[in-house]
There are 2 protein chains.
Amino acid sequence: MSEFGEYVRQRREELQKVDPGSFSVRKIAALAGIEPSYLSKIERGQQPPPGERTIIALANILSEDPDALLAMAGKVSEDLQKIIRRRPRLFADVIRQLKDMPDHALLRIVREVRDGDW
Amino acid sequence: MSEFGEYVRQRREELQKVDPGSFSVRKIAALAGIEPSYLSKIERGQQPPPGERTIIALANILSEDPDALLAMAGKVSEDLQKIIRRRPRLFADVIRQLKDMPDHALLRIVREVRDGDW
DNA sequence: AGGAGTGTGTAGTATATACTCCACGGTATA
DNA sequence: TATACCGTGGAGTATATACTACACACTCCT
């Protein structure tokens with residue numbers, strides 16, 4: 001079930017084809033600040049996904065969305081959690097309310113709030 | 001800094017005054033499924049806040065809001081996280097967008113979505 | 001043949017999380 | 001004076017998290 005690992009490997013190999021020599025396990029691990037063998041194991045699901053710091057680093061290196069990658073790892077970023085914790089009741093209500101709403105409804109909120117009709 | 005512990009103790013003692021004999025450390029601990037000495041230490045900040053299960057149990061026993069209590073413990077409930085993880089990009093956007101919005105703006109969203117003008 | 005770069009296997013470590021178990025001393029009650 | 005709660009102290013445990021360190025085998029290049 002280690003969707004995370006598979007995804008990272010796939011994405012890395014994809015980039016490796018375009019720019020070989022820059023996306024080896026060793027190179028990426030070095031950039032992400034971890035050991036190559038560790039990354040290798042993660043990619044093959046032999047180790048669970050790494051910590052938040054490392055996931056975000058990987059996301060940036062691989063030009064992926066950090067929140068999406070964190071989600072694949074079964075996590076929610078600390079900074080989002082912090083926002084929720086400041087006003088737990090309100091955010092809990094909003095999130096639960098939006099739980100089953102279609103994507104376009106969420107997009108509408110983002111748009112309307114951003115455009116300041118509030 | 002263990003705001004959590006202090007709050008629980010305060011709330012428990014409050015209820016103890018109204019209904020003595022039903023809100024001792026031992027009674028509450030038993031209901032919450034933990035050892036009395038553990039609860040005692042938590043209330044005095046000698047131990048960090050307990051796990052999510054236990055916090056939610058305490059919230060119910062003390063008639064408190066689980067999300068608020070979890071927030072005091074520096075946590076966000078797993079079920080909220082699960083909702084976010086299903087559509088990480090969308091929810092991340094919504095939450096960050098609402099970060100600095102006043103309470104009434106969030107309330108308005110809750111209300112409007114609930115009332116189905118969507 | 002030698003070196004550079006590739007991925008991977010084995011073993012071990014440090015720290016945090018979430019608790020339990022038992023025993024002690026105080027107060028109140030009958 | 002015994003028995004029944006009350007809170008608490010000290011020590012120990014189980015599991016998870018997030019990694020490191022090092023060595024090995026293979027391929028490609030010159």
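Values below: all heavy atoms of this structure, side chains included; hydrogens, waters and symmetry mates excluded. Per chain, numbering begins at 1; letters A, B, ... match sequence-line order.
Rounded to the nearest 0.5 Å, atoms CZ (F4(A)) and CG (L69(A)) are 4.5 Å apart. The structure places CZ of R89(B) at 11.0 Å from CG of L107(A), a figure rounded to the nearest 0.5 Å.
Remark: R53(A) is not in phosphate contact with dA18(D), judged by side-chain N or O atoms under 4.0 Å from OP1 or OP2. An OP1 or OP2 oxygen of dT8(C) is reached within less than 4.0 angstrom by no side-chain nitrogen or oxygen of Q46(A).
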Extract all donor-acceptor atom pairs below 3.5 Å that involve side chains of residues 21-36 of chain A and protein atoms in other chains or at least two apart in sequence.
| residue | atom | partner | partner atom | Å |
| --- | --- | --- | --- | --- |
| S22(A) | OG | D19(A) | OD1 | 3.3 |
| S22(A) | OG | D19(A) | OD2 | 3.3 |
| S24(A) | OG | R26(A) | N | 3.4 |
| S24(A) | OG | K27(A) | N | 3.1 |
| K27(A) | NZ | G21(A) | O | 2.6 |

For residues 58-68 of chain B, tabulate all N or O donor-acceptor pairs below 3.5 Å that involve a side-chain atom, not counting sequence neighbours.
| residue | atom | partner | partner atom | Å |
| --- | --- | --- | --- | --- |
| N60(B) | ND2 | I56(B) | O | 3.3 |
| E64(B) | OE1 | Y7(B) | OH | 2.7 |
| E64(B) | OE2 | Y7(B) | OH | 3.2 |
| E64(B) | OE2 | R11(B) | NE | 3.0 |
| D65(B) | OD2 | D67(B) | N | 3.1 |
| D65(B) | OD2 | A68(B) | N | 2.9 |
| D67(B) | OD1 | R96(A) | NH2 | 3.3 |
| D67(B) | OD2 | R96(A) | NH1 | 2.9 |
| D67(B) | OD2 | R96(A) | NH2 | 3.4 |

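Partners of A71(B) according to the side chain to side chain contact (heavy atoms under 4.5 Å, CB included) rule, which considers only residues two or more places apart in sequence or in another chain, are R85(A), P88(A). Remark: S77(B) engages D79(B) in a side-chain hydrogen bond (donor to acceptor under 3.5 Å, both in side chains) (not counting sequence neighbours). Listed by chain and residue number, R9(A), S40(A), K41(A), Q46(A) satisfy the side chain to side chain contact (heavy atoms under 4.5 Å, CB included) test with R44(A) (two or more places apart in sequence, or in another chain). Contacts of D103(B) classified as side-chain hydrogen bond (donor to acceptor under 3.5 Å, both in side chains), with partners at least two apart in sequence or in another chain: R87(A). Under the rule for a side chain to side chain contact (heavy atoms under 4.5 Å, CB included), the partners of P102(A) that lie at least two apart in sequence or sit in another chain are H104(A), A105(A). In terms of the salt bridge (charged side-chain N to carboxylate O under 4.0 Å, His left out) criterion, E52(A) has no residue partners (sequence neighbours excluded).
Summarising the geometry, the separation between CD on E43(A) and P on dT6(C) is reported as 13 Å, rounded to the nearest angstrom. Following rounding to the nearest Å, I42(A) (CD1) and dT8(C) (C1') show an atom-to-atom distance of 14 Å. Between the CG atom of L39(B) and the C1' atom of dC21(C) there is a distance of 16 Å, rounded to whole Å.
Sequence order on DNA chain D of the closest nucleotides to K41(A) and K27(B) puts K27(B) first from the 5' end.
Of all nucleotides listed (dT8(D), dT20(C), dA21(D)), dA21(D) comes nearest to the side chain of E35(A).
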Restricting both atoms to N or O, compile the protein contacts to nucleotides 25-30 of chain C shorter than 3.5 Å, with distance only.
none

Close N or O pairs between protein and nucleotides 14-18 of chain C (under 3.5 Å):
| residue | atom | partner | partner atom | Å |
| --- | --- | --- | --- | --- |
| dA18(C) | OP2 | K75(B) | NZ | 2.8 |

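The two residues A73(A) and I55(A) have their closest heavy-atom pair at CB-CD1, 3.5 Å.
Look at E112(A) and R108(A) and you find a salt bridge, because one of the NZ, NE, NH1 or NH2 atoms lies within 4.0 Å of a carboxylate O, short of that distance.
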Any chance you could lay out the side chain to side chain contact (heavy atoms under 4.5 Å, CB included) test for F91(B) and L98(A), step after step, and finish with the verdict? CA-CA 9 Å; F91(B) 272 100; L98(A) 294 176; 3.9 Å; yes
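For the contact set between residues 64-73 of chain B and DNA chain C, defined by any heavy atom under 4.0 Å, there are no members. Residues from residues 11-25 of chain B that place a heavy atom under 4.0 Å from any atom of DNA chain D, listed by number: R12(B), Q16(B), S24(B), V25(B).
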